[in-house]
Amino acid sequence: MSIYYVSIGEREYNVQITNSHVLVDGEPIKADLTPLNENGLHVFRQGNCNRDFYLNPQAQGIYEVLAEGRRVLARVGPAGRRANAKGAAQAGDIVAPMPGLVVMVGIKVGDCVEAEQVLMVLESMKMQMQLKAPFAGQVKQLTVAAGAQVEKGALLVKIREATE
Amino acid sequence: MSIYYVSIGEREYNVQITNSHVLVDGEPIKADLTPLNENGLHVFRQGNCNRDFYLNPQAQGIYEVLAEGRRVLARVGPAGRRANAKGAAQAGDIVAPMPGLVVMVGIKVGDCVEAEQVLMVLESMKMQMQLKAPFAGQVKQLTVAAGAQVEKGALLVKIREATE
Amino acid sequence: MKVLVANRGEIAVRILRACRDLGLPSVAVYSEADREALHTRYADEAVYLGPTPAAQSYLNIPAVLDAARRSGARAIHPGYGFLSENADFARAVEDAGLTFIGPRPETIALTGDKLAARRAARDAGLPVLPGPDTPLTEAIAADMAMQVQYPVLVKATAGGGGRGIRLARNPDELAAMVTAARKEAQAAFGDDTVYLEPLVQRARHIEVQILGDGAGRILCLGERECSIQRRRQKLIEEAPAHGLSAAQRAFLYDAAARVGRALGYRSLGTVEFLLDERGAFHFIEINPRIQVEHPVTEMITGLDLVKEQLRLAAGRPLRLVQDAVELRGAAIEARVLAEDPQAGFLPATGNIAHLKEPGGPGIRVDSALYAGMTVTADYDSLLAKVSAWGENRAGAILRLRRALREFQIGGVATDLEFLLQIVESPPFQAGNFDTTYLDKFDPPEARGKAALERDAALAAALVAHRKKSGALHRQEENAWRTIAWREQM
Amino acid sequence: MKVLVANRGEIAVRILRACRDLGLPSVAVYSEADREALHTRYADEAVYLGPTPAAQSYLNIPAVLDAARRSGARAIHPGYGFLSENADFARAVEDAGLTFIGPRPETIALTGDKLAARRAARDAGLPVLPGPDTPLTEAIAADMAMQVQYPVLVKATAGGGGRGIRLARNPDELAAMVTAARKEAQAAFGDDTVYLEPLVQRARHIEVQILGDGAGRILCLGERECSIQRRRQKLIEEAPAHGLSAAQRAFLYDAAARVGRALGYRSLGTVEFLLDERGAFHFIEINPRIQVEHPVTEMITGLDLVKEQLRLAAGRPLRLVQDAVELRGAAIEARVLAEDPQAGFLPATGNIAHLKEPGGPGIRVDSALYAGMTVTADYDSLLAKVSAWGENRAGAILRLRRALREFQIGGVATDLEFLLQIVESPPFQAGNFDTTYLDKFDPPEARGKAALERDAALAAALVAHRKKSGALHRQEENAWRTIAWREQM
């Protein structure tokens, strides 16, 4: 038997899988998932109901699931260990909220910044976004310069409360 | 440098590939084939022209190629050895011209048959087809019975000239 | 009204789409081979019928009725083919207290007997081809062989789909053809009754779409031309038929409506005619069901024929009056089949590893395809229908051509290239064809064929080479890309 | 006439389709990021423009002209966005002896200056919102702050796409909003001229499609409603606008035709109006190009707008007279964007590993998508447009809903679910909305959300489990199938 902890949004599910059945949060579920091709399309069969489920494994145990016009991100924690939905980011770690181009950086390492001060500007698909300091503090780390292309979730700046 | 012999229909092409260029029948071709996904879709780029080429490797070195609304079967012989477009079938070897169900078998091994005699009937997609003896002879081998499902190209019957 | 769709493939999906559009709950049924088929995933529920052979699943009346009972369906739509023209099935559905979405059982029985349908059409004043009204036997054929005008067709009264038809060219052939047709009819339909019908030379196949409320009101939804046939199988259909005069059209619609009224016709039906060289119509038969080619009528009328069927079946009256039916532009449909033109059009099977359906202005695709689907030899070979609408016939043809060129189906041989050749042929474009067009069709070699084949050979060699080189190939490919790149700059 | 399409994405493919339908040879252009993009594979030729940033490729006028010269193109279609509203580009195209497929450069210059366009509209007798006809500075704003009716909009004269607009709610905010709008306008358009326009409360966005021959003849091709906007970006558009009276429609068409005639308008254009609560129209601007939302007009008129542009550009006269323009049914378009509603609609990127576009009756998809395509952050977020036609608005909505549910895009976050929520919301279905509808939009939790999430969790765990079990998984899967199977029998 294998146990998986699966997080979707705030909710966590406990999924137990054996060769002959599955339990979700302790409740037996009669269902069947069959791959239809090698790209992630499956049919999820439950009772008299067949549904397209598209499952796309992404980084860090996250699965994109498309079903009935909806898209869900499910984080699968390894058997026997709970997934940490929040990740390890600390307060003051500014990460890229979207992929894009750094069009302006207004700080350098060591600068003191005010709360709400604009640290840098990101651009993606013609949309610009200002990244602001969450609280007053000092720039401890700066990983990019203007012109850099960044992925969603990349750490850009570390702000720590000033330790005068 | 690698050399491939590629047969399409009656025509055979000699393709030489090195790291920096290709020659087809001795003539240098400036072209470029880039995969677009893992299912076989490519872009074939030649001069100012980009074309969708779908390439699907099948059995026995045969590639299905779809381009510009056409479908071509290309048989690639291993480097340095000519492909045999005809295969090794002998006259009197009756193979399934389509996949399908054997609905009737009118002969057994040892039977003598006339030219044009119906040997068996295949059915596929509501269409029936009679398989006939190409010449008068004797049934030397019979691989299927009525009710069998056969693949296209499967050997069904061997007829040999009667050796009285 | 929960609707069970007693069919598979594109027509099952088509009907299920109409159910969704009307907010009706739906039930699909499936055989073992179709456990993962798209229609089972499209319906709200899917019920297993039986093993793969149609006789044990899609033609299995008790199994279909049981599926309806188990799922609580209140109505059954038979689609086309399978049980759609089976009067016993329609009766069994009604006897079970369910609604059969189609004509009354007695109408299906009548239209299923071609001689009876011919009599009904003649009684309603329609022009019918001359010929005895009675079944033919070899003995009768021998007696009358010298009085018949040749060539003549021997046709099964239970016929359909172009089966059970034989051509006799002279008195000597007649008896043999009667025997052959009876044999085929017995095998195909379990009924060896045949009759004689004169062969109409250079005929066009023109059919009229009717919709009846079962109480004598008939709407006539324009005509379709289906003369592009291969071995009596329709391949390309269009609406309207080109080049008809207003008088011809008025005659046609009046005739179709007349026979519909005479039968108190309910639901959708198609009244089929041959148009001879002199411009005269001859009734041939009535198809008591939705047709494969219904999308072209939908495109020019703006109606959703399946929705109209479902509404009528739910007890609503006909929504429209005849004057409100307006025809706009022209539409053409091409049938994409799993048949290999390079191998004598034999059925093809395989796994659809790659799929790209066409889109853009004026294009509609009806299919049950998906990437990864396996095409088996178990049922018929229709993979998809591509329909194009244009302001006029020429515009529809150009769009259809565009769509056929966009359509990519990898992993199974299809007739796509053959369809393109027809659509690109000048006689087709000029509207200069009859039902024998494809018998003599010999398209010229495609422009650029030699260059394309050379490129295909090169591409196949490159893929084979990369496969062999394995891990090396990315590197080499990058070298390739750089070279091509440099040359373009 | 060889046509170069100076654009990318779905609109490039749309225009290339029209070229195919007319048999015109075509040239695509592309940036480094788009080397393998679908539009490069759809055109007869594809020419490299420059590096990925638009300024160096799609906005690079010399590069585009050079591509035309090298490929021998005789006409350039700019699509929408990029260079489509750049008068200098249009002039450079004509100076190079090529045909610009769009209005005359001076028309583009005029419509690009919103104050000038407003004057032209007023001179042609159109209702225009009150407000000074002169640019605004902080100093002027301070002087007049007390006389202005609030709330009021500060708008960039060079504005477009909803940028360079600020709302001032009271005299105290005015100067700051002028500064903010000027700054944004300078950054976005290189021109910081702004002006004042009263905010119309609870306004609907209604626009009229016109087509002019450049010699004073204007065809009016019906209106569209584009009130469903998120942050001034249109998201769902429809034709016709629901609930207009015949008198309102006549007024609207007359107004649009009048300003078109006054400008001697050439090619396609859109005259935009706000419809206020009292039923009065107010001119706002003219868009001198094909619009994203043109398919809904095509669906109700039966016209192919791009083909009409190409025909006019080739020197043909207008084909139609106004009386021949017939509107049929209703059409609605939804924009499928690479934006993640679960993350504040931030742009999303990724590789489209799985793609299934919708089909069936009444559905049209315009996209440049293919399985394997990488969505980057370089250009805008429009992935596809899904348009549905129905006999009436309710029918079109149901079909659009069906199509949105069919659409599967795997590998990149999209707004598909959000579009579904809008289409399913009762106020939208009742036609009870204005341009602020989405500001307050708070859809109820979807039915079956909990069950779906549980199933998704289960499915993800199963896939993770199989991945871990590796070679074992086939075997286990078969066990699973057998179990499910047994339970169904």
Side-chain angles (χ1 to χ4, degrees), chain C residues 10 13-14 16-23 32 35 38 42 46-48 294-295 298-299 302-307 319 326 328-329 354-367 369-371 384 387-391 395 397-399 401-403 405-406 408 481 484-485 488-489, chain D residues 10 13-14 16-23 32 35 38 42 46-48 294-295 298-299 302-307 319 326 328-329 354-367 369-371 384 387-391 395 397-399 401-403 405-406 408 481 484-485 488-489:
Chain C
E10 72 85 17
V13 171
R14 166 68 187 93
L16 293 168
R17 281 178 166 142
C19 291
R20 279 208 187 164
D21 289 348
L22 288 173
E32 193 161 337
R35 292 189 68 226
L38 185 61
Y42 204 95
V47 180
Y48 175 70
H294 75 277
E298 296 188 323
M299 286 176 125
L303 297 173
D304 186 316
L305 298 183
V306 181
K307 271 160 71 171
R319 267 182 338 121
E326 279 179 62
R328 177 189 260 192
H354 169 69
L355 176 67
K356 179 108 178 75
E357 294 186 344
I363 299 304
R364 165 176 170 182
V365 178
D366 286 274
S367 88
L369 302 179
Y370 58 94
S387 309
W389 182 90
E391 284 181 68
I397 288 174
L398 286 164
R399 282 178 164 174
R401 176 169 176 256
R402 183 234 300 158
R405 285 179 64 193
E406 285 182 22
Q408 298 175 347
R481 291 177 58 150
W485 192 239
Q488 275 178 357
M489 310 280 273
Chain D
E10 70 86 15
V13 172
R14 166 68 188 93
L16 293 167
R17 280 178 166 143
C19 291
R20 277 208 189 164
D21 289 348
L22 288 172
E32 193 161 337
R35 291 188 68 227
L38 185 61
Y42 203 95
V47 181
Y48 176 71
H294 74 276
E298 296 187 322
M299 286 177 125
L303 297 172
D304 185 316
L305 298 182
V306 180
K307 270 161 71 171
R319 264 183 339 124
E326 279 179 62
R328 175 189 261 195
H354 169 67
L355 176 68
K356 179 106 178 75
E357 295 187 342
I363 300 303
R364 165 175 169 182
V365 178
D366 285 274
S367 88
L369 302 179
Y370 58 95
S387 309
W389 182 91
E391 283 181 70
I397 288 174
L398 286 165
R399 282 179 164 173
R401 175 169 177 257
R402 182 235 300 161
R405 286 179 64 193
E406 286 182 21
Q408 298 176 346
R481 291 177 60 151
W485 193 239
Q488 274 178 358
M489 309 280 273

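Order of the sequence lines fixes the chain letters, A, B, ..., with proteins taken first and strands second; residue numbering starts at 1 for each chain. Keep in mind that what you see is a predicted model, and the values were worked out from it rather than measured.
- When heavy atoms are compared at a cutoff of 4.5 Å, Leu303(C) approaches chain D by way of both its backbone and its side chain.
- For Leu305(D), no part lies under 4.5 angstrom from a heavy atom of chain C.
- At least one side-chain heavy atom of Arg402(C) sits less than 4.5 Å from a side-chain heavy atom of Tyr42(D).
- The parts of Glu326(C) that come within reach of chain D are both its backbone and its side chain, each placing non-hydrogen atoms under 4.5 angstrom from that chain.
- Between the NZ atom in Lys356(C) and the CG atom in Leu38(D) there is a gap of 6.0 Å [rounded to 0.5 Å].
- Rounded to the nearest 0.5 angstrom, Leu355(D) CG and Leu355(C) CG are separated by 9.5 Å.
- Heavy-atom pairs under 4.5 Å with chain C peak, among Lys307(D), His354(D), Glu406(D), Arg401(D), at Glu406(D).
- Side-chain contact between Glu357(D) and Glu357(C) is absent, with no heavy-atom pair separated by less than 4.5 Å.
- Between Asp304(C) and Glu391(D) the shortest heavy-atom distance is N-OE2, 4.5 Å.
- Looking at every heavy atom in both residues, Asp21(D) comes nearest to Arg399(C) through OD2-CG, 3.3 Å.
- Each of Met299(C), Glu298(C), His294(C) was checked for a side-chain contact (heavy atoms from CB on, under 4.5 Å) with Pro361(D), and the lone residue meeting it is Glu298(C).
- Interface residue Arg328(C): backbone and side-chain heavy atoms are both found under 4.5 Å from chain D.
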